[in-house]
Amino acid sequence: MTVLAIRGLNVSFATEGGDLHALRDVAFDVPARRIVGIVGESGCGKSTLINAILGLLADNGRITGGQIVFEGQDLTRADAAQMRALRGPRISTVFQDPMGALNPVLSVGRQMRNIQYRSSLGRAARDARSAEMLQKVRIPDPEAALSRYPHEFSGGMKQRIAIAMALMMEPALLIADEPTTALDATLEVATIELLRDLQDQIGCSVLFISHHLGVIAELCDDVVVMYAGEVVERGTVRQVFRTPRHPYTARLLECDPARQSGRTRHLPVIPGDLPDLRNRPGGCIFAARCDRRGEACAAPQTEREPAPGHRARCILAEAT
Amino acid sequence: MTPLLDVRDLQVAFRTGPMLARRDVLGVAGVSFRLHPGETFALVGESGSGKTTLARAINGLQPISAGSVHFDGQRIDRLGRAAMKPLRKVMSMMFQDPVGSLSPRMTVRDLVTEPFRIHGVRAELAAETTRLLALVGLNDSFADRFAHQLSGGQARRVGVARAIALNPRLVIADEPTAGLDVSVQGEVLNLLNDLRERLGLSMVIITHNLHVVHHVADRMAVMYLGRFVETGQTDAVFRAPAHPYTAALLSANPEPDPDKARERIALPAEVPSLLARPAGCEFHTRCPWAQARCRTEAPEMRPHGDRHLACHFPLAPGARPPERDIPT
Ligand SMILES: Nc1ncnc2c1ncn2[C@@H]1O[C@H](COP(=O)(O)OP(=O)(O)OP(=O)(O)O)[C@@H](O)[C@H]1O
Ligand SMILES: Nc1ncnc2c1ncn2[C@@H]1O[C@H](COP(=O)(O)OP(=O)(O)OP(=O)(O)O)[C@@H](O)[C@H]1O
Ligand SMILES: [Mg+2]
Ligand SMILES: [Mg+2]
């Protein structure tokens, strides 16, 4: 079963210099009980995608085509009230910046109690549940932490509190936008394990964005690679990380400092810039930076399926 | 050679706790290190261990409760705002939170040229905008955008451009590449490295990405509960971590290979609170190697072979935790 299906999604932002086409024909599935990772260059549209799913695009942003089907319902047609009812209980989120989830003027305990507004539990039982969640994300002195305010915690602690708050509602889909960037390696690994456990316990699906390829490799079942607002490759983590079929994916993996065996001060990069999203090139979106481009790349590329479930938007991925 | 930065026994206290029982806790509990010109020093450690607080204290953004900070031979921890201002030109800070540290009402152009205005530095601002944006890999079309119209990584790059705008001698970078993809991360780190080579820039870099530390830092310090527990040359520490916390940290480092076998040193989840610091060695509550002495006697930071270490029982290279129940 598919919890979330994205089909031909297009999103634009109105800007001074014209429309910025941030997502083009994005399509992929998040199957039930699976963890799907999204990777891609900074600015490739990952956060925009999430905001579109949540109905939280900036005022100048607009869905110009496609469908976002969540549990059978097309969210691009849902009204504001329907979206409010979904956000939180059914689709919960953890963002890059934990302060987005935390209110600076309310104590952590108060905020965690507020989230449970639908619960039949009494106040003491809700606080106990909050403390239990804080314990799970390794906040020291969970009971005492409930009476503290967000600024009294370190960046990483705030992020873990945000995770605890998102997990408390047992959603069908958890969307996490770089939730572990602020955590040290031991906590990052612990958080990955925690997310796995939770996903297992409540049977939810997870859409997980991270720039840390190691974290994606450890946590995710499937991965979607985006470049300049397009999905260029998708498949299982093993397929994509072991045998990348799109040159962008291959280059991205090569740039990971974790893959440089010797110590080096000059890290590999992909030369060139993201294309101007206000004037998207007509052909392959990566062609300008691709060292394997040929004549065929001037035409728009379709997804090829070099192996079952492994898809890449590149002529080189044609099954041989 | 005078060190560029000399931090001695630095402490930072916070008032915290429930309303009626407010008390001081030490966010930084006595830290010393020196940084030489052109050197890159990495601070790693647990989330909440005091890295950002230490960085802010060095920069004069956070009052210190004990110890001293010298910059280029001059004591700077008692300087007021006005006396500190010219120093901020040569000692710049990149903040941990990229979007939150940029004022939303300013355009990218205003943001990257603000350091020139604050410090009254005359410059051709249009040309500087182009130069700085190009350095961080953003084209001119970004100049008129507002901070909230940027992706997380783009905001981070604007932060880098601001920090290097006035060619500082020291950059304290708090998670400079968090939220960047590996290619842009490489660009930012290569850029900082170029500045190091060309201008002798010194750097204190705080990051959770151990792969980054391995490549860019000359020396590193590992923090736990506001103290350094191990310092040394980066390659030596990576080759053979001697403090059990360092060993656990390095063993946790996620690798981009879905099939890689991982020999992790698991730590119990319970992170001690600053309000109730453990007796003895503060890591003993989570240390798989802890022994009776560790529970009562606090280890001092002392030289150990090629590094400094606060541990009664330094690990041999490649040590694995003993098979026994983890103490709680
Ligand atoms: N409100 C907006 N108005 C105009 N452009 C925007 C707006 N929000 C985002 N953009 C642009 O849309 C593109 C996609 O941005 P998005 O934040 O989705 O990227 P991202 O993949 O999340 O990047 P990162 O990894 O850096 O967080 C970027 O080029 C960004 O500058
Ligand atoms: N204003 C404050 N009031 C009370 N306690 C504080 C304050 N600021 C920080 N702390 C505490 O001081 C400790 C150190 O925080 P700091 O932000 O320096 O950690 P960090 O090492 O930078 O962590 P991270 O890696 O998560 O960013 C934490 O326990 C935090 O809760
Ligand atoms: Mg983003
Ligand atoms: Mg910090």
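The sequence lines fix the lettering, A, B, ..., with proteins before strands; numbering per chain opens at 1. Hydrogens, waters and symmetry mates are skipped; everything else that's a heavy atom, side chains included, is used.
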**Asked** Which class fits the ring pair Y245(B) and F283(B): parallel under 30°, tilted 30 to 60°, perpendicular over 60°?
**Response**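 Rings of Y245(B) and F283(B): perpendicular, over 60°.
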**Asked** What orientation do F286(A) and Y248(A) show, parallel under 30°, tilted 30 to 60°, or perpendicular over 60°?
**Response**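 Correct class here is perpendicular.
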What part of [X] is in contact with chain B, defined as an atom under 4.5 angstrom from a non-hydrogen atom: side chain, backbone, both or neither?
{"X": "D276(A)", "result": "neither"}
{"X": "E254(A)", "result": "neither"}
{"X": "T264(A)", "result": "both"}
{"X": "A258(A)", "result": "both"}
{"X": "L20(A)", "result": "side chain"}
{"X": "R278(A)", "result": "side chain"}
{"X": "I270(A)", "result": "both"}
{"X": "E41(A)", "result": "both"}

Electrostatic pair [X]-[Y], nearest N-O below 4.0 angstrom:
{"X": "E188(A)", "Y": "R160(A)", "value": "no"}
{"X": "E175(B)", "Y": "K51(B)", "value": "no"}
{"X": "R280(A)", "Y": "D19(A)", "value": "no"}

**Asked** According to the ring pair (Phe, Tyr, Trp, His ring centres under 6.0 Å) rule, which pairs have a member within residues 175-197 of chain A, sequence neighbours left out?
**Response**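 For residues 175-197 of chain A: none.
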**Prompt:** Who among D184(A), V189(A), T186(A) has the most heavy-atom pairs with chain B under 4.5 Å?
**Reply:**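 Result: the option with the highest number of such pairs is D184(A).
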**Asked** Taking every heavy-atom pair that is under 4.5 Å apart, which of E16(A), E178(A), R242(A), R259(A) has the most such pairs with chain B?
**Response**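 With the most close heavy-atom pairs to chain B, the winner is R242(A).
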**Item:** Candidates T53(B), L274(B), D24(B) - the one meeting side-chain contact (heavy atoms from CB on, under 4.5 Å) with F14(B)
**Value:**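 Among the candidates, only T53(B) passes.
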**Prompt:** Do any of residues 208-215 of chain A have a heavy atom less than 4.5 Å from a heavy atom of chain B, and if so, which, in residue order?
**Reply:**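 So far as heavy atoms go, H211(A), H212(A), L213(A), G214(A), V215(A) are the residues that approach chain B to under 4.5 Å.
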**Asked** Has the side chain of S42(A) got a donor or acceptor atom that lies under 3.5 Å from a matching backbone atom of L180(B)?
**Response**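 Between the backbone of L180(B) and the side chain of S42(A) there is no qualifying donor-acceptor contact (under 3.5 Å).
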**Item:** Check: Q149(B) main-chain N/O paired with R145(B) side-chain donor or acceptor under 3.5 Å
**Value:**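 Yes; at least one donor-acceptor contact below 3.5 Å.
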**Message:** Would R62(A) and F13(A) count as a cation-pi pair here, with the cationic atom under 6.0 angstrom from the ring centre and within 45° of the axis?
**Reply:**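 So R62(A) doesn't make the cation-pi contact.
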**Item:** Residue pair V26(A) / E230(A), side-chain heavy-atom distance below 4.5 Å
**Value:**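 When only atoms from C-beta onward are counted, E230(A) and V26(A) do not touch, as no gap falls below 4.5 Å.
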**Prompt:** Do R289(A) and Y227(A) have side chains that get closer than 4.5 Å, going by heavy atoms?
**Reply:**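 R289(A) vs Y227(A): side chains touch.
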Need one label for [X]: side chain, backbone, both or neither, based on atoms under 4.5 Å from any heavy atom in chain A.
{"X": "D257(B)", "result": "both"}
{"X": "S251(B)", "result": "neither"}
{"X": "S141(B)", "result": "both"}
{"X": "D144(B)", "result": "neither"}
{"X": "D218(B)", "result": "both"}

**Prompt:** Between E187(B), E46(B), Q154(B), which has the largest tally of heavy atom pairs under 4.5 Å with chain A?
**Reply:**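 Most heavy-atom pairs within the cutoff with chain A belong to E46(B).
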**Message:** Taking every non-hydrogen pair under 4.5 Å, which of N190(B), V216(B), D235(B), L249(B) racks up the most with chain A?
**Reply:**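 It is N190(B).
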**Request:** Drop me the distance from Q239(A)'s CD to D222(A)'s CG, to the nearest 0.5 angstrom.
**Result:**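 With rounding to 0.5 Å, CD (Q239(A)) is 8.5 Å from CG (D222(A)).
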**Request:** Quick one: closest heavy-atom pair of P257(A) and L267(A), and the distance?
**Result:**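 Heavy-atom minimum between the residues: CB-CD2, 4.1 Å.
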